[in-house]
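This structure is a prediction, so every number in the text was calculated from the model and none was measured. We count residues from 1, following the sequence as given.
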Amino acid sequence: MNDDAKLTLQLERIATALERLAGPPPEPIDLEVASAFVWSAEKERFEPVHKVNRVPLELLKGVGNVAPQLIANTEQFARGLPANNALLWGARGMGKSSLVKAVHADVRERLASDPAKSGDLKLVEIHREDIDSLPRCLAAMRSSPHRFIVFCDDLSFDHDDTSYKSLKAVLEGGVEGRPDNVIFYATSNRRHLMPRDMMENERSTAINPSEAVEEKVSLSDRFGLWLGFHNCGQDAYLEMVRGYARHFGLGVPDDELVREALEWSITRGGRSGRVAWQFTQHVAGRLGKHLDV
């Protein structure tokens with residue numbers, strides 16, 4: 001056996017060994033098996049979610065000023081019409097992520113038999129720490145006949161975090177841009193996704209301070225729809241509690257329900273949709289009732 005043949009044989013053995021170490025390639029996920037998925041950056045695949053953690057749209061109180069806008073935008077997108085990326089920002093626990101999930105289910109159900117819609121409407125969650133893999137995620141959806149809401153909960157960026165640049169390019173500014181069958185919804189406690197001190201630091205160290213700050217703020221500008229969520233008052237909080245109590249048939253007298261709900265909010269240090277839901281879980285558990293949503 002000459003030297004070339006020996007080298008070829010060695011390379012074939014190395015290739016075979018590497019294939020064994022790598023294991024079989026992952027099976028492609030059938031996008032028909034579920035309406036919602038979680039993007040796994042490590043595996044570069046969509047993991048199906050067969051039961052989404054959400055509450056019905058009609059149970060979400062205190063969102064009457066923003067829900068119609070998100071519904072209309074989502075319905076336009078589902079029909080294949082132009083629509084905007086959406087940033088839901090504001091107070092914690094006021095239903096930002098709940099609204100995204102509820103609107104997805106509502107629009108998908110209403111348009112299920114509508115011939116004007118373009119493919120099925122899927123919800124894909126991408127975790128904040130996987131934002132760097134967003135271009136690969138979008139590439140995997142580009143050729144699909146379905147339409148996708150890519151959803152990132154609690155999106156924000158801290159010091160020395162440069163992944164916002166890839167997000168900005170993907171949303172609007174890249175060569176390929178956002179695929180026509182994909183829209184991006186994000187929730188955040190910050191309107192501009194960056195902490196103020198981060199912007200001020202950029203301003204103080206940059207050669208051109210105004211351009212440095214513009215670089216940070218321009219990420220939020222990639223979202224054509226800004227929906228603000230604000231802290232709720234006592235009346236709105238009690239409306240949420242009463243709505244949950246009626247829906248789940250808790251059967252607690254109103255005066256007792258109100259008294260306990262207010263006491264609960266004091267122990268929690270605030271009033272919000274999340275606090276109302278946590279109180280509802282507390283009462284249902286005490287009464288031995290299940291909350292099937």
Exercise. Look at the side chain of S265 and the backbone N and O of L262, then say whether any donor-acceptor pair between them is shorter than 3.5 Å.
Key: yes

Exercise. Return yes if some donor-acceptor pair links the side-chain N/O of S188 with the main-chain N/O of L155 below 3.5 Å, else return no.
Key: yes

Quiz item: Do the side chain of Q69 and the main chain of N65 share a donor and acceptor less than 3.5 angstrom apart?
Solution: yes

Self-check item: Interatomic distance, I131 atom CD1 to I126 atom CD1 [nearest 0.5 angstrom]
Solution: 4.5 Å

Exercise. Name all residues meeting the salt bridge (charged side-chain N to carboxylate O under 4.0 Å, His left out) criterion together with R92; count only those two or more places apart in sequence or in a different chain, and write none if there are none.
Key: none

Quiz item: For T280, which residues count as a side-chain hydrogen bond (donor to acceptor under 3.5 Å, both in side chains) partner, sequence neighbours excluded?
Solution: none

Quiz item: CG/L257 to OH/Y244 distance, rounded to the nearest 0.5 angstrom?
Solution: 13.0 Å

Quiz prompt | Note, L123 side chain near S35 side chain (heavy atom, < 4.5 Å) | solution = no

Quiz item: Okay, side chain of H230, backbone of G90: is any donor-acceptor separation there less than 3.5 Å?
Solution: no

Exercise. Just say parallel, tilted or perpendicular for the rings of F148 and H146, cut-offs at 30° and 60°.
Key: perpendicular

Quiz item: Out of curiosity, H127 NE2 to W39 CH2, how far, rounded to the nearest 0.5 Å?
Solution: 12.5 Å

Quiz item: Are the side chains of L88 and L99 in touch, meaning some heavy atoms are under 4.5 Å apart?
Solution: yes

Quiz item: Considering residues at least two apart in sequence or located in another chain, which fulfil the salt bridge (charged side-chain N to carboxylate O under 4.0 Å, His left out) criterion with K96?
Solution: none

Practice problem: List in chain and number order the residues that pass salt bridge (charged side-chain N to carboxylate O under 4.0 Å, His left out) with D254, two or more places apart in sequence or in another chain; answer none if no residue qualifies. | Solution: R242

Quiz item: With the threshold set at 4.0 Å, does a side-chain nitrogen-carboxylate oxygen contact exist between K101 and E125?
Solution: no

Quiz item: Is atom CD of E58 surrounded by more than 12 heavy atoms (other residues, nucleotides or ligands) closer than 6.0 Å?
Solution: yes

Quiz prompt | Closest non-hydrogen atom pair between A91 and N189, with its separation | solution = C-OD1, 4.5 Å

Quiz item: side-chain contact (heavy atoms from CB on, under 4.5 Å) between K289 and F248: does it pass, once the steps are laid out?
Solution: CA-CA 8 Å; K289 291 180 175 289; F248 295 111; over 6 Å; no

Quiz prompt | Pairwise distance CZ(R271) to CG(L238) - rounded to 0.5 angstrom | solution = 8.0 Å

Quiz prompt | Neighbour count above 12 (heavy atom, 6.0 Å) for H290 NE2 | solution = no

Quiz item: Are V63 and F229 close enough that some pair of their side-chain heavy atoms sits under 4.5 Å apart?
Solution: yes

Quiz prompt | Heavy-atom donor-acceptor pair, Q76 side chain to P82 backbone, under 3.5 Å | solution = yes

Practice problem: Provide the closest heavy-atom pair for N84 versus L225 in the form atom of the first, atom of the second, distance. | Solution: CB-N, 4.0 Å

Exercise. Would you please name every residue forming a salt bridge (charged side-chain N to carboxylate O under 4.0 Å, His left out) with E75, sequence neighbours left out?
Key: R79, R110

Quiz prompt | Within-4.5 Å side-chain heavy-atom neighbours: V241 and F279 | solution = yes

Quiz prompt | Results of side chain to side chain contact (heavy atoms under 4.5 Å, CB included) for A236 - residues two or more places apart only | solution = C232

Quiz prompt | Residues R147 and D120 bridged, charged N to O under 4.0 Å | solution = no

Exercise. Would you please classify the geometry between the F46 ring and the F37 ring as parallel, tilted or perpendicular, with 30° and 60° separating the classes?
Key: perpendicular

Practice problem: For the residue pair I183 and N73, establish whether any side-chain heavy-atom pair is separated by less than 4.5 Å. | Solution: yes

Quiz item: Is the CD atom of E109 crowded by more than 12 outside heavy atoms at less than 6.0 Å?
Solution: no

Quiz item: How long is the gap from CG on N181 to NZ on K122, to the nearest 0.5 Å?
Solution: 12.5 Å

Exercise. With the side chain counted from C-beta on, respond yes when V124 and I149 share a heavy-atom pair under 4.5 Å apart, and no when they do not.
Key: no

Quiz item: In terms of hydrophobic clustering (I, L, V, M, F, W, Y; side-chain heavy atoms under 4.5 Å; direct or indirect links), are L291 and L287 co-clustered?
Solution: yes

Quiz item: Would you say the side chain of F223 lies within less than 4.5 Å of the side chain of F184, judging by non-hydrogen atoms?
Solution: yes

Practice problem: Please examine the side chains of T74 and H104, heavy atoms only from C-beta on, and report whether any two atoms are closer than 4.5 Å. | Solution: no

Self-check item: Stepwise side-chain contact (heavy atoms from CB on, under 4.5 Å) test for V275 and Y237
Solution: CA-CA 9 Å; V275 172; Y237 168 70; 3.9 Å; yes

Quiz item: Roughly how far, to the nearest 0.5 Å, is CH2 of W277 from OG of S272?
Solution: 13.5 Å

Practice problem: Spell out, as yes or no, whether a donor-acceptor pair under 3.5 Å connects the side chain of T187 to the backbone of D154. | Solution: yes

